[in-house]
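What follows is a set of notes on a single structure, which appears directly below.
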Amino acid sequence: EGVTPIEYMLIKMEVVPPFPPKLSALEARRVYLAAATLWPETMYGQMNSWVFPEGKYGAFEINETEVYIVTERAALNMAYQGLSRVPEKPTCLVELTGHDLIGLPLRSPLASNEIIYCLPMLSVLTDTGTGIVTSVPSDSPDDYMALHDLKSKPALRAKYGVKDEWVLPFEIIPIINHPNFRDNSAEKICTEMKIKSQNERDKLDKAKKEVYKGGFYLGTMIVGEYAGMKVQEAKSLVKTKLLELGQAVIYCE
Ligand code: A2H
């Protein structure tokens, strides 16, 4: 763990009932996948959420009504930050794996599609954030390649039990005008660098740096309430709005 804590926003991606049998014990509750992000202003471009298929997760009680699905490690940190019904002690209602979460229909704040789905990504770390990642394929090279892999490889979908209708209908929406790439920066850099799959770790790390270097921060919002505004300025406004609406919380680690 670093010395300086990182402040994430946890985006509350609500699991839309009816719940599958694995989650039936949670039927009276509001259940969320809690995705850690540093970029709340990109939530307009969410296309799905990511989990690590072999990862261990749990459904943890946040208060009387709300349950967040995260890793046990994140739940313990959360319990020391007021995000647990019992202070300093996570209460796990159901133990889950990534496989149990794949295919869950979600309603996520600011996403343009009313329902998006939980899908597998192999680079999701279970020792960072919550182990749940929200996917913005327009601006994140990792997200772009992982969704591209699922869209273009039927065998990969079959391997993880991913139905066509969870990925194929989802068209990437440009949300940020980047000074070097115009829009859809992730697709452009991945094509330029001839990245072939989500497994090309070194190339993807370079692609990320390339997107930031040109000023992801200096880009301009092209959708939503803050269209026309610098990404930098929109960031805190989106953050405040999500917190006020109860659609996100702050989480540090
Ligand atoms: B970011 P840091 Cl548009 N495993 O959100 C892998 N990646 C994770 C993760 C985990 N357990 N937890 C969070 N992340 C991702 C949006 C985004 C992000 C965009 C562009 C870049 C970007 C949409 N995905 O991050 O290493 C989350 O994805 C690039 C680094 O903990 C989170 O923000 O600092 C970011 O990594 C946090 O990375």
Side-chain angles (χ1 to χ4, degrees), residues 1-11 13 33-57 68-75 77-78 98 101 106 108-112 116 118-148 170 172-178 181 183-190 198-199 201 203-219 221-224 231-232 234-235 238-239 242 248 250-253:
E1 302 282 286
V3 180
T4 315
I6 295 180
E7 185 185 292
Y8 292 96
M9 289 204 88
L10 298 190
I11 305 299
M13 311 178 89
L33 298 194
T37 186
L38 302 169
W39 308 94
E41 69 282 8
T42 65
M43 296 301 103
Y44 296 99
Q46 291 176 92
M47 287 292 130
N48 61 279
S49 94
W50 299 121
V51 290
F52 184 58
E54 314 303 332
K56 286 187 183 165
Y57 296 88
Y68 289 7
I69 295 176
V70 295
T71 57
E72 189 178 334
R73 180 192 149 282
N77 286 334
M78 283 161 47
L101 305 175
L106 307 167
S108 195
L110 305 181
S112 65
I116 58 177
C118 182
L119 301 171
M121 178 162 75
L122 304 173
S123 61
V124 171
L125 306 169
T126 50
D127 59 0
T128 302
T130 56
I132 308 279
V133 181
T134 181
S135 167
V136 181
S138 54
D139 292 275
S140 156
D142 278 327
D143 298 347
Y144 172 77
M145 282 316 301
L147 188 60
H148 184 267
F170 293 91
I172 297 171
I173 307 166
I175 57 159
I176 288 171
N177 193 307
H178 185 289
F181 296 98
D183 55 19
N184 283 339
S185 308
E187 177 177 7
K188 284 176 185 154
I189 190 73
C190 290
Q198 65 186 294
N199 303 321
R201 197 63 264 149
K203 278 188 162 186
L204 281 165
D205 286 339
K206 286 205 190 90
K208 266 190 249 183
K209 287 205 187 95
E210 205 55 41
V211 172
Y212 299 155
K213 194 168 76 186
F216 185 35
Y217 293 99
L218 301 174
M221 301 300 298
I222 49 183
V223 292
V231 170
Q232 189 93 292
K235 195 182 200 74
V238 174
K239 179 175 163 180
L242 291 175
I250 286 171
Y251 165 74
C252 299
E253 66 176 41

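Sequence positions, counted from 1, serve as the residue numbers for this chain. Remember, it's 1-based here, ligands and their atoms both numbered in the order they're listed. Values below: every heavy atom of this structure, side chains too, minus hydrogens, waters and symmetry copies.
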Heavy-atom nearest neighbour in the protein, as seen from [atom], with distance rounded to 0.1 Å:
atom: atom 14 (N) of ligand 1; result: V133 CG2, 3.8 Å
atom: atom 37 (C) of ligand 1; result: L38 CD1, 3.6 Å
atom: atom 5 (O) of ligand 1; result: T37 OG1, 2.7 Å
atom: atom 18 (C) of ligand 1; result: W39 CD1, 3.1 Å

With a cut-off of 4.0 Å, which atoms of ligand 1 are near a heavy atom of [X]?
X: A36; value: 13 (C), 27 (C), 32 (C)
X: T134; value: 23 (C), 24 (N)
X: S123; value: 6 (C)
X: Y8; value: 2 (P), 31 (O), 37 (C)
X: V124; value: 4 (N), 6 (C)
X: V136; value: 3 (Cl), 23 (C)
X: S140; value: 3 (Cl), 19 (C), 20 (C)

Any residue meeting side chain to side chain donor-acceptor pair (under 3.5 Å) with N177, in chain and number order, not counting sequence neighbours:
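N177 satisfies side chain to side chain donor-acceptor pair (under 3.5 Å) with no residue once adjacent residues are dropped.
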Using heavy atoms and a threshold below 4.0 Å, how should the contact between [X] and ligand 1 be classified: side chain, backbone, both, or neither?
X: T42; result: side chain
X: D143; result: side chain
X: L125; result: both

To the nearest 0.5 angstrom, please state how far the CZ atom of R73 sits from the OG1 atom of T130.
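If I round to the nearest 0.5 Å, the distance is 9.0 Å.
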T126 OG1 to I132 CD1 distance, which is reported to the nearest 0.5 Å:
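Separation between the atoms: 11.0 Å.
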Quick one: are [X] and [Y] in side-chain contact, heavy atoms under 4.5 Å?
X: L106; Y: S49; value: yes
X: V51; Y: Y57; value: yes
X: I173; Y: S138; value: no

Crowded around K206 NZ? As in, over 12 foreign heavy atoms under 6.0 Å?
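Incorrect, the count does not exceed 12.
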May I ask whether Y212 has any heavy atom positioned less than 4.0 angstrom from an atom of ligand 1?
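Yes; Y212 lies near enough to ligand 1 that a heavy-atom distance drops under 4.0 Å.
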Does F52 come within less than 4.0 Å of ligand 1, judged by its heavy atoms?
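For ligand 1, residue contact (heavy atoms, under 4.0 Å) with F52 is absent.
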So, is T128 polar-close to ligand 1, with some N/O to N/O distance under 3.5 Å?
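Yes, there is a polar N/O contact under 3.5 Å.
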Test of proximity, S135 against ligand 1: N or O pairs below 3.5 Å:
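Not met; the criterion fails.
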Please report the C-alpha distance between M13 and I116 in whole Å, then the side-chain angles of each, then the deciding distance to 0.1 Å, and finally whether the side chain to side chain contact (heavy atoms under 4.5 Å, CB included) criterion is met.
CA-CA 9 Å; M13 311 178 89; I116 58 177; 3.7 Å; yes
Is D142 salt-bridged to K208, going by a charged N under 4.0 Å from an acidic O?
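Here D142 pairs with K208 in a salt bridge, since their nearest N and O are under 4.0 Å apart.
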Answer yes when R201 and D205 have at least one side-chain N-carboxylate O distance shorter than 4.0 Å, and no when they do not.
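Salt bridge: yes.
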Among all the protein's heavy atoms, is there at least one whose distance to atom 34 (O) of ligand 1 comes out below 4.0 Å?
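Neighbour list for atom 34 (O) of ligand 1 includes protein heavy atoms (cut-off 4.0 Å).
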Atom 25 (O) of ligand 1 protein-contacted (non-hydrogen atom, under 4.0 angstrom)
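Yes, because at least one protein heavy atom sits under 4.0 Å from atom 25 (O) of ligand 1.
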Within the side chain of K188, is there an N or O that forms a donor-acceptor pair under 3.5 Å with the backbone of D183?
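Flag set: sc K188 to bb D183 pair under 3.5 Å.
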Please check if the side chain of Q46 supplies one atom and the backbone of T134 the other of a donor-acceptor pair under 3.5 Å.
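The answer is no, because no donor-acceptor pair under 3.5 Å joins these two groups.
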